[in-house]
Amino acid sequence: MSQLSVIKEHIEITPGICGGKPRITGDRIKVQDIAIWHERMGMSPDEIVFQYPSITLSDVYAALAYYHDHLEEIRHQIQEDEAFVRELQAKNPSLVQQKLKHIHGRKD
């Protein structure tokens, strides 16, 4: 079995599911989620599987391999998603923060 077929066994891209982004086969966990949990949050592959028992250790390693094979593409997707979140937050301020500012009499 070639390396490519092993990754294909664990990673799929389906238009209309998860925005057409690469994800764990049969799950809605995206490759970029695995990358963020591993690189930014410092979770080990075992910790990721413990937190998300619907996926296997093989799924996590396949996602990490896919991520490293498509580094620029996945990082670009992450940046786009983060920009989208910042835009939404700017347009829709937190109701909790608004209430706290009102309670404390702040106008900023």
Side-chain angles (χ1 to χ4, degrees):
M1 183 181 295
S2 73
Q3 182 180 14
L4 185 58
S5 64
V6 169
I7 290 177
K8 283 185 176 182
E9 182 180 323
H10 296 277
I11 306 300
E12 65 184 357
I13 299 172
T14 309
I17 299 178
C18 295
K21 295 177 181 169
R23 63 187 172 89
I24 302 296
T25 299
D27 210 302
R28 296 186 66 85
I29 296 175
K30 298 182 296 273
V31 168
Q32 71 184 53
D33 298 331
I34 302 284
I36 289 169
W37 298 331
H38 184 64
E39 286 192 345
R40 293 188 184 175
M41 297 175 68
M43 293 174 72
S44 71
D46 287 326
E47 289 172 317
I48 293 169
V49 171
F50 180 78
Q51 292 295 321
Y52 302 92
S54 65
I55 61 175
T56 67
L57 197 53
S58 297
D59 292 332
V60 173
Y61 280 110
L64 290 172
Y66 186 95
Y67 168 66
H68 286 285
D69 285 346
H70 301 87
L71 203 57
E72 291 306 313
E73 173 190 342
I74 303 294
R75 285 184 176 170
H76 182 72
Q77 290 172 352
I78 291 169
Q79 289 172 346
E80 283 181 339
D81 287 354
E82 289 172 342
F84 179 72
V85 168
R86 284 190 300 274
E87 185 180 317
L88 280 179
Q89 288 172 333
K91 289 180 181 177
N92 303 296
S94 165
L95 295 175
V96 172
Q97 288 178 347
Q98 289 177 3
K99 286 183 181 192
L100 287 174
K101 285 180 184 179
H102 179 72
I103 289 171
H104 296 293
R106 294 174 41 192
K107 303 223 185 238
D108 53 301

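Source: prediction; values computed, not measured.
- If you take CD on E12 and OG1 on T25, they are separated by 4.0 Å, rounding to the nearest 0.5 Å.
- Residues I17 and R28 form a side-chain contact, since some pair of their non-hydrogen atoms from C-beta on lies under 4.5 Å apart.
- Closest non-hydrogen pair, D27 versus I55, comes out as OD2-CG2, 3.5 Å.
- L88 and I36 fall into different hydrophobic clusters, where Ile, Leu, Val, Met, Phe, Trp and Tyr side chains are chained together by heavy-atom contacts under 4.5 Å.
- Atoms OH and CD1, from Y52 and I34 in turn, are 8.5 Å apart once rounded to the nearest 0.5 Å.
- In this structure, CD in Q32 is found 14.0 Å from NE2 in H70, a value given to the nearest 0.5 Å.
- A pairwise comparison of heavy atoms in L64 and A35 identifies CD2-CA, 4.5 Å as the closest pair.
- Taking 4.0 Å as the cut-off between side-chain N and carboxylate O, D81 and K30 do not count as a salt-bridged pair.
- Partners of E80 by side chain to side chain contact (heavy atoms under 4.5 Å, CB included), not counting sequence neighbours, listed by chain and number: H76.
- Annotation for A62 and H10: closest pair CB-CB, 3.5 Å, computed over non-hydrogen atoms.
- Hydrophobic clustering (side-chain heavy atoms under 4.5 Å, transitive across Ile, Leu, Val, Met, Phe, Trp, Tyr) groups M41 together with L57.
- Legend: salt bridge (charged side-chain N to carboxylate O under 4.0 Å, His left out) pairs involving residues 44-68, not counting sequence neighbours: none detected.
- Using a 4.5 Å heavy-atom cutoff, the side chains of I29 and I48 are not in contact.
- Residues V85 and L95 do not share a hydrophobic cluster, defined by chaining ILVMFWY side chains whose heavy atoms lie under 4.5 Å apart.
- Considering only heavy atoms from C-beta on, R75 comes within 4.5 Å of E39 through its side chain.
- Between V60 and M43 there is no side-chain heavy-atom pair separated by less than 4.5 Å.
- In this structure, OH on Y67 lies 12.0 Å from CD on E73, to the nearest 0.5 angstrom.
- In this structure I13 satisfies the side chain to side chain contact (heavy atoms under 4.5 Å, CB included) test together with P22, Y66, sequence neighbours excluded.
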